[in-house]
Structure formats: C-alpha cells, structure tokens
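In what follows, every chain begins at residue 1, and chains take the letters A, B, ... in the order their sequences are listed.
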Protein chains: 2
Amino acid sequence: MATRRRGEELERAILHAAAEELRESGYAGMTMDRVAARAGTNKNAIYRRWPHRAALGIAAYRHLSDATMPNPDTGTLRGDALEMLRQANQTWSSPHGVVLRGLLAAAADDPTLLDLMRERSGADTMDRAWLTMLERAVARGEAPPGAVHPRVASMPMMLLRAEYAMRGIPSVPDEVLIEIVDDVFLPLVRGRA
Amino acid sequence: MATRRRGEELERAILHAAAEELRESGYAGMTMDRVAARAGTNKNAIYRRWPHRAALGIAAYRHLSDATMPNPDTGTLRGDALEMLRQANQTWSSPHGVVLRGLLAAAADDPTLLDLMRERSGADTMDRAWLTMLERAVARGEAPPGAVHPRVASMPMMLLRAEYAMRGIPSVPDEVLIEIVDDVFLPLVRGRA
DNA sequence: GTCAATAAGGTACGCGACGTACCTTATAAG
DNA sequence: CTTATAAGGTACGTCGCGTACCTTATTGAC
C-alpha cells in the first residue's frame, strides 16, 4: 500500500464498499466485518464515523442510486400519472428497491432512522413532481383547481408503497398501476371539482 | 410441578409466554430463551413446533388481540369512515400496534411470513367492512353505485398504514384522519358517479 | 402390569455478528 | 523535530439463534 488513507478519502472508500455489499447481499446481508475488509480497513474506522450498522447502511444507500427524479410530460394527466407509477415500480422492484425495502424494515421502529431515510430517498421531491403534474393538468383544463392538493398528490405513491408492503417482494403488476390511476386517482381528481 | 405437560397444553403455555414477551418487549425484544424460561420449558419444545422465531412471533400475536372487527353505523358515510379510521388508529398506536409493526418489519422480506401475517391480522375482513359501509351509503342515496369498489374500500386504510410507515411510531393525529376522509375518500366517492 | 414408542427436559455448544477496548504505527501540523 | 490526531491490528465480551445429544417421564398397546 502506497500511503495510508485518511479523512475524506477513507470515508468514500468505506461508503463505496458498503454500497457494493448492499448491492450484492442486501441490507440484511451487509456485515460490518465484510465492509471493513472490502474497504481494506477495519471496523474501528467505520465506528468512528457511524454509530451503528443502520446508519452506515442508510448513508451508503445514496451511493447506490443517482436518484434521478422523473418528470414525465405526456400531454395527459393519465399518461403522466401512469408514467410516474411505472418508473417508481421499476425502481422499487429493482435490486435498489430490495435494498431500500430492507433498510425501511430495519428503520421501522426508530424515528431517527426513518427521518434519515426520508431525506435520502427523496420522497419530498417526489411529492413536488406530482404537484407540478397536477398544476399542468389544471392549466390544460383537464382537472379542477381543487385537485392541486398535497394529499391528492401523494396518494398514488402511498398506495403503491402499501401494495409492496402487503404483498411480498417481486414487483407490482402493471394492471394494479392502471387500477390505481383509473379507479382511484382520476376519479378523485374529478371529484374535487 | 405436578406432572409434565405435553401436546396441546404445553403449546398453549408456550404461546401464552410468547405473547407476554411480545407485550412487554415487542417483537425485537422477544428472545427464544426468555420465552422458554417463562413457559417453564426449554427451547427444544419450541423448535419442535415452530421452525424459527418469526413463526412463533406471528403465532403468538393472535393470542394478544381478540381482533374485534368494528362495524360502525353512524348514519353518514363520513361518520362511518372516520370511526373506522379512528378505531384503526387507536389499535395501531396501542402496544398491540407496536408489536404488529415490529412483526411486519421482520416479515417484510419473506413472502411466506407476510401471508401468515395477513391471515392473522384480519386485513381481508377489514376490507369487507368498508365495502358494506359503502353499500349502506349507496342504499341511502349518499354515494353513487360506482363507489362500491375494492380499491376505494381499501384506500383509506392503506393511507393510514403508509402514514405509520413514513412517520415514526407514536400515533397519527386526528387531523390527518379527517383529511384522509374529507380531502381524499369522500371526493373519490363523489368522483366515481 | 409390563414395555416399547413418543415426547419433554437439561445442558451445552457452534456460530455469526455487533460493538468495544487497547495498543501500535503512520501522517500532518506547528 | 515533536506532538497531536487518525488509521491499523487484534482480540474480546456479549447476545441470541438454532442444533445436538442424552436423560427422564408419560402414554398406549399388548
């Protein structure tokens, strides 16, 4: 080894190693010893930076995903909404999604960790995207002004999340997304006239 | 000890002990050794009946709650819906709810366990209750026939669940329940005319 | 009433994994 | 050049799950 890494550089190496472990084994399979070994360091260096495994897992998660926020503009509210849900469904059923759900499960009983998760997972910017989507629909005369409402905007994603939480892992079928849009979301928008 | 317990009797004793542990320490704090000790037996007797901790936890959960299904009839759809949500909110924020959420988190990555959970937690009968609620509203002329729809019926509970999953533990404030009913559920029912 | 089959009790252990303690060694800063 | 700071090495303590193996009680068949 040329020289001994410290500070920033070492921290990045640890996060990188942790992210790889997450990708390969999920959060449940990510062990501190393996992360340390993979980063070419030891557990001390990790515990000097993060208080416990969960914190490292959450911190490493951002290294896994670029969190590219979709912003579809298909010309119709229905098309936009379906596209948003499909993108989300794809993310959640990908390996990233498996990791994310593992982290959520681990954080479930610790509000501190949940807050960290919300930051990292970009749930807030997601709600923003839905709101601007609704605003565009109102501008087109496709939806009544009353439809621009935070609870309306967040509802479809919440239903999707709940779908994942109830059923097992693999992926939510496309018909369910269509039902969410056609049987729930659009009628709700209409009903808020 | 008078005589050595076996079969049914022993099984009940184990489940009872496990339920007590769940109540006192939640699922995360329920250890096999403590359950065995509390039941006055040893781990063998447990592992001969359940393959692992999670299975015991789920089996013991039913000993904790009587699962009394509410069926309010306040005369208005709004009143019924609010009452349902309030009851659910109370259950979920009680000690039982803490246990339930711990179990859900533990089962999150195992479809087998999730199925067990759904059986035990009576989610299906819950959806039934919402559907009959909607049917009553239709009969009163308070809602259009199109409102009787499984996704409409399950939506409010799903939103409540998601609220718990996102925020931490304690309890969802009543204003949120009111928003779910007034800003989402009722407009949706209206919109399905 | 005797005797096998079955189930419970006792005890110990392997193992994986978290988090900690303590010391040694390199690097940076004054 | 010296001293503070941070990294590396290594070994533990602790918990808790799940298993193995043997001893002891109970039951039911003969």
Side-chain angles (χ1 to χ4, degrees), chain A residues 1-18 20-22 24-60 99 102-103 105-110 112-113 116, chain B residues 1-18 20-22 24-60 99 102-103 105-110 112-113 116:
Chain A
M1 98 184 54
T3 99
R4 187 181 269 187
R5 295 162 303 180
R6 3 171 86 203
E8 275 286 299
E9 186 189 356
L10 182 56
E11 181 157 335
R12 271 199 311 274
I14 294 172
L15 282 172
H16 184 69
E20 293 282 299
E21 288 290 324
L22 278 182
E24 289 178 12
S25 323
Y27 175 67
M30 180 194 92
T31 78
M32 299 305 258
D33 294 85
R34 293 236 305 278
V35 171
R38 184 165 210 150
T41 180
N42 61 21
K43 287 193 289 181
N44 288 330
I46 302 179
Y47 279 105
R48 280 179 197 124
R49 290 176 168 77
W50 296 275
H52 42 242
R53 195 172 76 101
L56 173 63
I58 293 173
V99 171
L103 284 171
D109 54 355
D110 186 335
T112 312
L113 296 180
L116 268 183
Chain B
M1 100 183 51
T3 99
R4 187 181 268 185
R5 296 163 302 181
R6 5 171 84 201
E8 274 285 298
E9 186 189 356
L10 181 56
E11 181 157 336
R12 271 200 311 274
I14 294 172
L15 282 172
H16 184 70
E20 294 282 296
E21 288 291 324
L22 278 181
E24 288 177 14
S25 324
Y27 176 67
M30 179 194 94
T31 77
M32 299 304 258
D33 294 85
R34 293 236 304 278
V35 171
R38 184 164 209 151
T41 180
N42 62 20
K43 288 193 290 181
N44 287 331
I46 302 180
Y47 280 106
R48 280 180 197 125
R49 291 175 168 77
W50 296 274
H52 42 242
R53 196 172 77 98
L56 174 61
I58 293 173
V99 171
L103 283 171
D109 53 355
D110 186 336
T112 312
L113 297 180
L116 269 183

### A:Arg49 side chain near D:dA7 phosphate (N/O to OP1/OP2, under 4.0 Å)
yes
### Task
Counting heavy atoms from C-beta on, name the nucleotide in C:dC18, D:dC17, D:dA25 closest to the side chain of B:Arg4.
D:dA25
### Message
Closest-nucleotide mapping onto DNA chain D: is A:Asn42 or B:Met30 further toward the 5' terminus? I mean the 5' end.
### Response
A:Asn42
### Query
When you look at B:Glu24 and B:Arg38, which way does the salt bridge (Lys or Arg N to Asp or Glu O under 4.0 Å) test go after all the steps?
CA-CA 12 Å; B:Glu24 288 177 14; B:Arg38 184 164 209 151; 2.8 Å; yes
### Query
Is any side-chain N or O of A:Arg53 closer than 4.0 Å to OP1 or OP2 of C:dC18?
yes
### Message
Once you apply a heavy-atom cut-off of 4.0 Å, does B:Arg34 come out as touching a base, just sugar-phosphate, or nothing?
### Response
nothing
### Message
Expected output check: what is the dot-bracket annotation of DNA chain D, where ( ) and [ ] are pairs inside the strand (brackets for crossing ones), | is paired with another strand, and pairs are Watson-Crick or G-U under 3.5 Å?
### Response
||||||||||||||||||||||||||||||
### Task
Please report the shortest heavy-atom distance between B:Ser25 and B:Arg34, naming the atom on each side.
OG-NH2, 3.2 Å
Donor-acceptor pairs under 3.5 Å, side chain of residues 50-58 of chain A to any protein atom, not counting sequence neighbours: which ones?
from, atom 1, to, atom 2, distance (Å)
A:Arg53, NH1, A:Tyr27, O, 2.8
A:Arg53, NH1, A:Met30, O, 2.8

### Query
Which of these nucleotides, C:dC18, D:dC21, C:dG19, is closest to any side-chain atom of B:Asn44?
D:dC21
### Task
Compare the minimum distances between each of D:dG9, D:dG18, C:dC18 and the side chain of B:Tyr47, then state the nucleotide with the smallest one.
D:dG18
### Task
Looking at every strand, decide which applies to B:Arg48 at a 4.0 Å heavy-atom threshold: base, sugar-phosphate, or nothing.
base
### Closest non-hydrogen atom pair, A:Leu22 against A:Val99
O-CG2, 3.4 Å
### Task
Mind checking B:Arg6 for me? I need base, sugar-phosphate or nothing, with any heavy atom below 4.0 Å counting as a touch.
base
### Task
Take A:Glu20 and A:His16, measure what side-chain contact (heavy atoms from CB on, under 4.5 Å) needs, and give me the verdict at the end.
CA-CA 6 Å; A:Glu20 293 282 299; A:His16 184 69; 4.1 Å; yes
### Query
Are any of B:Thr41's side-chain N or O atoms less than 4.0 Å away from OP1 or OP2 of C:dA8?
no
